[in-house]
Amino acid sequence: MTIAENVALVKKNIAAAAARAGRDPSGIMLVAATKQNDADRVRQAIAAGVDACGENRVQEMLEKAALGAYEGAPLHFIGHLQRNKVKNVVGLVSLIHSVDTIELLRQIDRVAAEKGLVQDVLLEINIGAEASKSGFAPEELPSALAAAAQLESVRVRGLMAIPPFCASGEENRRYFVRMQQLFVDNCDKKYDNVRMDFMSMGMSADYETAVECGAHIVRVGTAVFGPRTYPEKH
Ligand SMILES: *Cc1c(COP(=O)(O)O)cnc(C)c1O
């Protein structure tokens with residue numbers, strides 16, 4: 001299958017999952033997880049109509065950006081972000097999905113203020129309480145939102161989660177349901193600089209379940225590009 005055929009299939013599956021949940025599919029964003037795919041393949045995904053590209057590694061993103069790989073689509077950062085790399089990411093991407101500490105939030109705010117812009121971010125939730133994963137524990141979310149309310153150059157737009165690795169989407173339904181509950185609970189509270197618009201959850205193995213459970217953004221790599229050739233580096 002070509003990248004264009006894959007994108008068409010993923011979009012069809014998103015629309016079907018949205019219909020099962022009584023949701024409008026036009027409110028669901030398909031972010032192509034572009035790691036390890038070169039500029040030419042990224043361009044094919046954009047031409048096929050993905051809503052945005054999401055990169056994991058700063059260096060790889062800068063190299064592809066220099067080649068103009070992302071022209072025609074918004075760029076997101078979805079990987080673990082080190083504080084010393086924040087300056088390379090703020091302003092280049094329209095959304096950072098993976099803010100996992102208050103220190104990182106403050107660093108993004110400082111850099112965004114220096115650049116004279118407001119950076120949109122999501123707060124990453126460690127919904128499976130996995131020791132190997134970063135992210136806020138669900139019970140830490142209110143204090144993270146209260147911290148964000150003090151920062152004028154970041155705007156929290158919602159939540160992101162990477163549930164435990166699973167073979168099928170069904171296994172992760174309980175985590176997506178928990179995310180949906182957390183999102184709804186925190187939507188009602190009013191904080192400055194916080195607008196709970198998006199939940200970013202669902203990858204190749206489980207995006208349809210995530211959409212059934214309320215995801216507004218899915219991050220899909222393998223189902224768009226095929227299997228990655230090289231082992232993942234972090
Ligand atoms: C790689 C990656 C994805 C996509 O993974 P696939 O299983 O290939 O769809 C989604 N989110 C993040 C943060 C990733 O690193």
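We number each residue from 1, following the sequence as shown. Numbering of ligands and ligand atoms starts at 1, following listing order.
Counting heavy atoms closer than 4.0 Å to ligand 1, residue Ala33 contributes side-chain atoms (C-beta onward) but none from N, CA, C or O. Here Asn56 has side-chain heavy atoms under 4.0 Å from ligand 1, and that is the only part of it that gets that close.
Numbered from 1 in the order shown, with element, the atoms of ligand 1 that lie under 4.0 Å from a heavy atom of Ser204 read 6 (P), 7 (O), 8 (O), 9 (O). Less than 4.0 angstrom separates some heavy atom of Lys35 from each of these atoms of ligand 1: 1 (C), 2 (C), 3 (C), 14 (C), 15 (O). Taking every heavy atom of Val220 and a limit of under 4.0 angstrom, the matching atoms of ligand 1 come to 9 (O).
Take Phe183 and apply the ring pair (Phe, Tyr, Trp, His ring centres under 6.0 Å) test, not counting sequence neighbours, and it matches His216.
Here the NZ atom belonging to Lys189 is positioned 8.5 Å from the CE atom belonging to Met196, to the nearest 0.5 angstrom.
Under the 3.5 Å distance criterion, the side-chain polar atoms of Arg228 are left unmatched by any main-chain donor or acceptor of Gln36. A donor-acceptor pair under 3.5 Å is absent between the side-chain atoms of Thr34 and the main chain of Asn37, judged by distance alone.
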Review item, side-chain donor-acceptor pairs of residues 158-165, under 3.5 Å, at least two apart:
none

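Residue contacts with ligand 1: His97 is excluded, as none of its non-hydrogen atoms falls under 4.0 Å.
For the pair Ile162 and ligand 1, the shortest N or O to N or O distance does not fall below 3.5 Å.
The two atoms that bring Val31 and Gly54 nearest to each other are CG1-N, 3.5 Å, heavy atoms only.
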